[in-house]
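These numbers were taken from a predicted model, which means no experiment stands behind them.
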Amino acid sequence: MPRFHRPAASACAALVAIAALAAAGLPGTASARTPDSPGSPGPAAVADASPALLTAMGRDLGLTRAQARDRLVNEAEAGATAGRLRLALGDAYAGAWVRGAKSARLTVATTDPADIPAIEAHGARAAVVTHTLAALEAASTAVDRAASRTAARTTAVDAPVRYVDVRTNTLVVQAVRPAAAHDLVAAARIDRALVRVETSADRPRPLFDIRGGDAYYMNGSGRCSVGLAVTKGTQQGFATAGHCGRPGTTTSGYNQVAQGSFEASTFPGRDTAWVATNTNWTSTPYVKGQGAANVEVTGSTQSPVGASVCRSGSTTGWHCGVIQQHNTSVTYPEGTISGVTRTTVCAEPGDSGGSYISGSQAQGVTSGGSGDCSSGGTTFYQPINPLLQAYALTLKTTTGPGPGEPGEPGGTWAAGTVYAAGAQVTHGGVTYRCLQAHQAQPGWQPPNVPALWQQV
């Protein structure tokens with residue numbers, strides 16, 4: 001039985017010239033303080049941060065309210081700076097991260113020392129490393145493939161967590177038995193110089209268990225948590241974890257009233273699902289925060305490594321921590337999932353499927369982890385943007401596009417469309433490139449949000 005299951009019985013080209021980057025208006029330059037459109041993920045979005053979120057950040061991260069607000073501003077600016085530098089550095093790019101109590105220090109890694117002036121010119125610290133991010137991610141994919149083979153299932157369960165650690169420029173494999181990690185790396189046939197093996201007693205399992213964080217029940221067989229409210233045309237519903245139910249699994253809400261059923265679900269591989277609700281339930285652009293207060297969701301811009309993030313779940317409520325790594329792979333007893341994000345936020349049985357949010361930006365839904373909220377632990381969430389794209393869903397936001405189908409992630413810019421970093425669109429006859437993964441919202445046209453789009 002999954003570690004965090006709550007049984008029913010118990011309850012994210014070549015180097016461009018520095019001058020060209022400056023003209024593009026990187027955060028850290030005077031243009032960085034240009035007012036954002038309402039609800040956009042730039043510095044102005046801090047005004048959207050609820051008092052409850054700031055309070056929880058203070059409690060779990062040891063910050064004053066002013067420090068928490070400063071941190072959110074710095075993280076929003078760092079995400080845009082890192083996005084632009086990633087495009088500028090091209091194949092030499094090796095990752096980025098923030099650090100410090102207020103996330104005031106952005107580091108951008110490169111394999112080319114010639115990139116240092118461009119990085120430092122925009123307020124970031126440069127780190128020259130050996131391996132490109134692309135090389136590390138390719139190695140991670142190779143290990144995932146090896147872990148998915150039937151013959152390697154037992155080995156992978158004993159080396160359950162793999163992630164690219166941009167701060168140490170390695171592919172980390174955490175294992176209960178180090179020999180299992182070495183066997184898995186050997187089976188993947190990758191350069192051992194890319195890998196660091198860490199011994200860990202953790203054995204992550206899915207966090208089993210229409211406002212984000214509220215409880216729901218599956219066919220009387222257990223409890224999970226609502227992730228993030230969504231729509232598909234006029235259909236209401238919510239995103240949650242795939243391991244909570246299969247297509248057709250019926251659900252009831254926190255009040256045990258009939259709610260809906262799983263419309264689609266993927267697990268393992270990914271940990272994604274969405275529940276289509278009946279007409280008695282309406283999706284709302286909120287997550288359940290501290291003291292049951294509503295925390296607004298205004299978008300889904302992905303936060304960088306080192307950024308703060310808070311989670312809401314039906315067992316332990318509202319807790320905060322930091323993002324440790326993106327694009328992590330985890331092998332549960334049921335199989336391997338890839339592309340999840342590793343965090344320091346705690347969770348317990350019943351929190352599965354629940355929402356993750358950074359500032360007012362939705363991040364994902366709870367997948368699994370280890371530990372608890374007394375002793376601490378590690379958790380993983382399924383990023384929301386790939387989930388939205390996979391099922392053609394629209395995130396419910398306070399600035400949301402309302403009913404309608406999202407467009408394709410290319411061509412002409414359209415509200416409701418999920419854009420990955422690097423995607424190109426046209427708007428007003430001009431071509432733009434996406435800097436940070438997000439689902440487009442009304443008012444977020446490329447010229448309005450330089451934190452998200454760069455003119456090509």
Side chain to side chain, [X] and [Y], heavy atoms closer than 4.5 Å:
{"X": "Asp202", "Y": "Val161", "answer": "no"}
{"X": "Gln382", "Y": "Arg270", "answer": "yes"}
{"X": "Leu63", "Y": "Arg71", "answer": "yes"}

According to side chain to side chain contact (heavy atoms under 4.5 Å, CB included), who are the partners of [X], at least two apart in sequence or on a separate chain?
{"X": "Val430", "value": "Tyr432, Gln455"}
{"X": "Cys320", "value": "Ala56, Met57, Asp60, Cys310, Trp318"}
{"X": "Thr426", "value": "Thr412, Thr431"}

Please give me the minimum heavy-atom distance between [X] and [Y], naming the atom from each residue.
{"X": "Thr251", "Y": "Val275", "answer": "OG1-CG1, 3.8 Å"}
{"X": "Val164", "Y": "Leu133", "answer": "CG1-CD1, 3.9 Å"}
{"X": "Ala78", "Y": "Leu106", "answer": "O-CD2, 3.9 Å"}

Approximate separation, where rounding is to 0.5 Å, of [X] [atom1] and [Y] [atom2]:
{"X": "Thr298", "Y": "Ile357", "atom1": "OG1", "atom2": "CD1", "answer": "7.5 Å"}
{"X": "Ser338", "Y": "Asp144", "atom1": "OG", "atom2": "CG", "answer": "3.5 Å"}
{"X": "Trp453", "Y": "Asn448", "atom1": "CH2", "atom2": "CG", "answer": "12.5 Å"}

Should the pair [X] and [Y] be assigned to parallel (<30°), tilted (30 to 60°) or perpendicular (>60°) ring geometry?
{"X": "Tyr332", "Y": "Phe267", "result": "tilted"}
{"X": "Phe262", "Y": "Tyr216", "result": "tilted"}
{"X": "His438", "Y": "Trp444", "result": "tilted"}

With salt bridge (Lys or Arg N to Asp or Glu O under 4.0 Å) as the criterion, how do Arg196 and Asp165 come out once you've worked through the C-alpha distance, each side chain's angles and the decisive distance to 0.1 Å?
CA-CA 10 Å; Arg196 184 176 83 251; Asp165 187 353; 3.8 Å; yes

Would you please test Val157 and Val176 for side-chain contact (heavy atoms from CB on, under 4.5 Å) and show each step?
CA-CA 9 Å; Val157 169; Val176 177; over 6 Å; no

